[in-house]
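For the numbers below, each heavy atom of this structure counts, side chains included, while hydrogens, waters and symmetry mates do not. Just so it is clear: chains get the letters A, B, ... in the order the sequence lines come, proteins before strands, and each one is counted from 1.
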Amino acid sequence: MNTEQVLKQAENLLGTWNKETSHPDPTRLDAVVDTNDLHASVQAVHEAGWGYLTAITGSDLGLVDGRMEILYHFCSGPAVLTLRVRQSRDVQVVVPSIADVIPPASFFERELQEMLGIHVEGLNNSDRLFISDDWPEGVYPMRADFTLEQAAPVSVSHAAPLPEEGVVSGNTFVVPIGPQHPALKEPGHFEFTVDGEIVTAARMRLGYAHRGIEKAAEKRNWNQNLYLFERVCGICSHTHAMAYSMGVEKLAQVEVPLRAQAIRELVAGLERVHSHLLWLGVAAHEAGFDTLFMYSWRDRETVMNLLEQITGNRVNYSANVLGGVKCEIGPEQSRSVKEGLTYLEGRIRHYLDVVTTDVMFLNRTRGIGTISFDEAVRFGLLGPTARASGLVRDVRVEAPYGAYLRYPVSAVTETNGDLEARFVVRLKELLVSCFTMRTIVDNLPEGPLSVRVPRKIPVGETISRMEAPRGELFYYIRSSGGETPARIHVRTPSLCNWVSVLEKAVGRQLADVPMLIAGMDPCFSCNDRMVTVSRSGGSQTWSWEQLRQHGIEYYKR
Amino acid sequence: MATNVFDMCPASWKQVISEVRTWARLNSIWAVHFNSGSCNGCDIETLATLTPRYDVERFGIKLQGSPRHADVLLVTGPVTRQARERLVRTYEQMPEPKFVISIGSCSISGGVFEGCYNVGGSVDEVVPVDVYIPGCPPRPEAIINGIIQLLTHVKEGTRPVAKRPEQTAEVASSQQERVVA
């Protein structure tokens with residue numbers, strides 16, 4: 001079935017619920033539905049197995065327009081279906097929850113509640129996920145009339161009890177983890193309820209690294225935003241900048257030169273290698289395999305050298321400009337890329353050997369945190385975490401963009417769905433990436449590096465999807481014709497993958513938790529300090545280090 | 001208790017004891033890392049300084065899990081509202097003498113995130129900072145240089161007089177104003 005037929009099928013599924021249809025571009029179907037019909041139409045799309053829910057974008061159309069818009073984006077291959085709900089912003093906006101049909105939607109719906117003050121009926125979770133505890137009630141940062149003065153800190157008395165105060169009830173107790181991690185990355189907070197060694201419930205709190213980038217983007221011009229979005233994440237900065245600039249280029253109807261597209265893909269490939277090697281080291285460290293940690297980080301320096309040689313910086317490389325790239329690949333760069341790749345391929349094969357044969361390591365990975373194919377679909381997993389369960393979720397393969405049309409990649413999948421499979425998928429994926437990069441370097445098209453993009457971007461909205469090292473990255477960009485964007489919404493892959501940790505930790509040993517968290521390659525890690533309240537009522541302070549140690553000791557037995 | 005014994009010592013012993021302490025401290029700086037809302041860029045570079053290529057462990061520097069065992073607090077990122085209190089608590093848990101190194105442009109001035117609704121500003125508005133390492137992100141060499149500056153001061157028994165890169169901050173904020181306007 002081609003994209004047109006897939007979209008036709010979606011249109012038939014919606015039937016009379018669809019009040020107004022448009023095709024913003026050939027791969028998209030935009031349907032306006034009534035709030036009352038929303039739940040039924042989502043159910044119809046979901047039950048027919050049409051794609052998966054990729055994001056929910058809420059946006060305030062402003063005081064002049066006087067409406068709020070909630071967009072439900074579904075993806076099936078390259079086809080994107082958007083269900084559009086519009087309501088007046090002068091009264092309380094209420095939408096029904098669809099989390100009973102699609103569980104991962106609850107994260108998106110909590111975002112709607114916190115950022116725009118949209119009441120999601122049927123979502124019984126008013127815990128804050130992103131905004132801080134001292135944020136005043138009834139103030140919503142993404143609303144058009146939000147000012148910084150409204151957000152003056154209030155006392156935190158209304159907030160949930162402090163995580164350090166472990167809660168004991170009956171035979172269970174709560175183990176808080178977070179928000180500080182000694183080794184690296186971003187902070188987050190988890191609470192695992194445990195009965196003895198077994199985890200019985202898991203809860204999560206984000207927002208320690210929430211900076212308010214989407215709002216800030218509305219105040220900066222299109223060019224400045226490129227550098228802002230690059231700093232959403234320092235590990236996959238190129239993918240963010242690329243998703244943003246490809247979206248803007250689509251809006252401005254600018255054709256990026258082939259050479260620039262190829263260089264973008266090359267840098268994206270190098271970034272994937274650096275990101276996966278980084279993850280391999282960290283995950284090995286959590287398992288107590290520090291030798292592998294040190295080796296993989298040593299080899300990662302090869303990629304860092306290449307990135308530096310090509311772009312001039314080790315991290316946040318700013319390879320993109322709107323309309324192309326700013327770094328050239330000369331003969332010298334091509335030679336070093338090829339030399340570097342040859343070395344890395346050898347090393348990656350070696351690591352593949354290690355993670356599939358080392359008995360001690362397999363004890364920590366084989367058969368642990370197994371996610372079946374059906375579960376992966378139900379949880380809405382993305383990227384390597386999904387591919388380890390045999391679910392092909394790879395934008396590069398499903399909906400090739402930019403240079404991936406000329407230099408296609410194949411999807412790497414495994415079927416076991418356990419931690420071991422996630423190691424194998426990521427490492428095999430690197431070999432595919434290395435092969436593609438070599439092809440690009442050998443067949444670089446001639447031509448200019450960039451074309452001019454106007455300062456003002458024409459009115460319109462677009463969706464930009466891209467495969468980041470951790471999974472599908474989703475950008476929604478709307479322009480009102482000015483020098484600054486009207487709304488940009490970013491949905492990062494980690495948000496979708498959290499479900500895999502929260503669901504899979506339940507029923508497992510506490511000792512497996514560090515590996516489960518590492519297994520999904522969270523684009524933020526957790527903590528340093530945790531308090532365990534023992535059954536006798538005395539409390540004991542544990543650091544992440546000790547939890548890690550506990551995991552290692554536990555498996556020595 | 002330990003202080004009392006130290007106080008009872010004769011002056012010559014005190015001299016020897018502090019020399020031994022300084023020597024020990026110089027050769028085993030333990031650091032705790034706190035991410036106060038960073039984009040991860042500085043964090044991966046901090047970690048890169050600890051791994052084989054740059055290997056700061058040759059100076060006895062080690063990343064330590066608990067703030068209670070740490071001499072140096074490495075802070076990355078602008079301070080977000082949710083992380084602010086945690087940063088103060090982490091700092092307060094560290095034993096004296098303690099030092100703070102602020103890594104990256106964001107931690108110095110808020111950087112690209114200045115003016116965002118959930119960002120409080122620089123690290124030095126929350127905890128006293130001894131060494132600033134600018135860069136987005138700073139290279140591992142720069143981070144090592146910052147640590148060596150700190151070590152030099154520890155050796156001399158002085159506290160580094162940190163100079164905030166005012167120029168950079170001013171330029172950043174004037175740019176910011178222009179953007180908002």
From [X] [atom1] over to [Y] [atom2], what is the distance, rounded to the nearest 0.5 angstrom?
X        : Y        : atom1 : atom2 : result
B:Glu57  : A:Met294 : CD    : CE    : 5.5 Å
B:Cys136 : A:Arg231 : SG    : CZ    : 3.5 Å
B:Tyr117 : A:His210 : OH    : NE2   : 3.0 Å
A:Ile213 : B:Cys39  : CD1   : SG    : 8.5 Å

Handout entry: Part of B:Arg84 lying under 4.5 Å from any heavy atom of chain A
Key =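 Neither; nothing under 4.5 Å.
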Problem - Heavy-atom contact with chain A under 4.5 Å, split by part of B:Ala31 - result: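 Contact with chain A: none, neither part.
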Problem - side-chain contact (heavy atoms from CB on, under 4.5 Å) between B:Thr51 and A:Arg298, worked out - result: CA-CA 7 Å; B:Thr51 48; A:Arg298 184 197 68 180; over 6 Å; no
Between [X] and chain B, with a heavy-atom cut-off of 4.5 Å, which part of the residue counts as in contact: side chain, backbone, both or neither?
X        : value
A:Leu148 : side chain
A:Tyr295 : neither
A:Glu308 : side chain

Handout entry: Over all atoms of both residues, closest heavy-atom pair of B:Pro137 and A:Val315
Key =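 Shortest heavy-atom separation between B:Pro137 and A:Val315 comes out as CG-CB, 3.5 Å.
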Exercise for the section: Compare every heavy atom of A:Ala216 with every heavy atom of B:Cys116, then report the nearest pair and how far apart it is. Expected result: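 Minimum heavy-atom separation between B:Cys116 and A:Ala216: SG-CB, 3.5 Å.
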Problem - Crowding at NZ, B:Lys155 (>12 non-hydrogen neighbours, <6.0 Å) - result: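 Open: at most 12 neighbouring heavy atoms sit under 6.0 Å from NZ of B:Lys155.
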For residues 299-307 of chain A, which side-chain N or O atoms pair as donor and acceptor with protein atoms under 3.5 Å away, sequence neighbours left out?
| unit_1 | atom_1 | unit_2 | atom_2 | d |
| --- | --- | --- | --- | --- |
| A:Asp299 | OD1 | A:Tyr343 | OH | 2.7 |
| A:Asp299 | OD2 | A:Arg347 | NE | 2.9 |
| A:Asp299 | OD2 | A:Tyr351 | OH | 2.3 |
| A:Arg300 | NE | A:His274 | ND1 | 3.2 |
| A:Arg300 | NH2 | A:His274 | ND1 | 3.3 |
| A:Glu301 | OE1 | A:Arg314 | NH1 | 3.0 |
| A:Thr302 | OG1 | A:Asp299 | O | 2.9 |

Exercise for the section: Test A:Arg211 against every option in B:Val112, B:Asn118, B:Val119 by the side chain to side chain contact (heavy atoms under 4.5 Å, CB included) rule and name the one that passes. Expected result: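 Exactly one pass, corresponding to B:Val119.
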Exercise for the section: Give the intermediate values and the outcome of side-chain contact (heavy atoms from CB on, under 4.5 Å) for residues B:Leu50 and A:Trp297. Expected result: CA-CA 10 Å; B:Leu50 294 154; A:Trp297 275 68; over 6 Å; no
